[in-house]
Amino acid sequence: MSSTIQLTGAQGEATPVAEVFERRTTKQWRIHGGGGGGLMCSFQPTAPDTHDVYDVHAADGTPLARITRRAGRFLPWPRRVRWAVQLTGTPRTFTGKVGSGYTWMLYALSSPVWLLFFLFMLVYSLFEGDTSDTSLDGPTRTRWRTTGSGTPLDYRGINKVYHYDPQHLDARVAYAQAVLHAWERVR
């Protein structure tokens with residue numbers, strides 16, 4: 001799995017700055033990168049049976065942040081998937097909602113067209129034999145925001161690129177959040 005993180009305002013396509021290794025037994029991820037390929041950070045679920053709350057640690061084991069994912073639901077009223085990043089030692093919490101209210105409304109109103117398109121793609125894939133792009137994902141753009149900091153992390157779903165502002169968010173935390181965000185989308 002690889003994700004690209006670019007500085008806010010950077011143009012062009014950047015290469016991934018780190019490699020991610022997942023331990024199958026404990027669900028602990030280690031992110032290696034930088035100049036020498038050393039350990040940048042690691043993160044793991046807070047409990048063995050949960051996949052919604054993760055602790056991010058620096059290479060020396062110092063806690064950096066806690067990342068929480070709150071699942072979306074449709075009933076009793078629709079709620080989008082929400083992410084929260086609580087940095088250690090600061091009262092600020094960065095929250096990100098998947099998609100905007102307008103894009104979800106547009107997606108719901110245009111669902112008959114999407115369904116027709118999906119059926120055509122399904123028939124095409126039966127003849128062509130390629131079923132790799134027949135999914136109907138909803139809006140995916142996610143902006144992590146907090147008061148006074150603007151948007152320190154922004155995922156743009158069409159390009160599949162993460163933009164972050166290093167003045168407001170540590171690169172290790174941004175990369176851990178990007179890996180978790182990408183992993184939740186494919187799981």
Transitive ILVMFWY cluster of [X], excluding itself - 4.5 Å side-chain cut-off:
{"X": "Leu106", "answer": "none"}
{"X": "Phe127", "answer": "Val123"}
{"X": "Leu116", "answer": "Phe120"}

(request) Please name all residues satisfying salt bridge (charged side-chain N to carboxylate O under 4.0 Å, His left out) with Arg80, sequence neighbours left out, ordered by chain then number. (result)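 Scan of Arg80 (salt bridge (charged side-chain N to carboxylate O under 4.0 Å, His left out), adjacent residues dropped) gives none.
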
(request) Output all residues satisfying salt bridge (charged side-chain N to carboxylate O under 4.0 Å, His left out) with Asp154, sequence neighbours left out; order by chain, then residue number. (result)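 Here the qualifying residues are Arg141, Arg156.
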
Residues two or more places apart in sequence or in another chain: which of them pass side chain to side chain donor-acceptor pair (under 3.5 Å) with [X]?
{"X": "Thr103", "result": "Ser100"}
{"X": "Thr90", "result": "none"}
{"X": "Arg143", "result": "none"}
{"X": "Arg73", "result": "none"}

Using the side-chain contact (heavy atoms from CB on, under 4.5 Å) criterion, which residues pair with [X]? Sequence neighbours excluded.
{"X": "Thr95", "value": "Ala84, Thr93"}
{"X": "Ala58", "value": "Asp60, Thr62, Leu64, Arg172"}
{"X": "His168", "value": "Arg92, Ser149, Pro152, Asp165"}

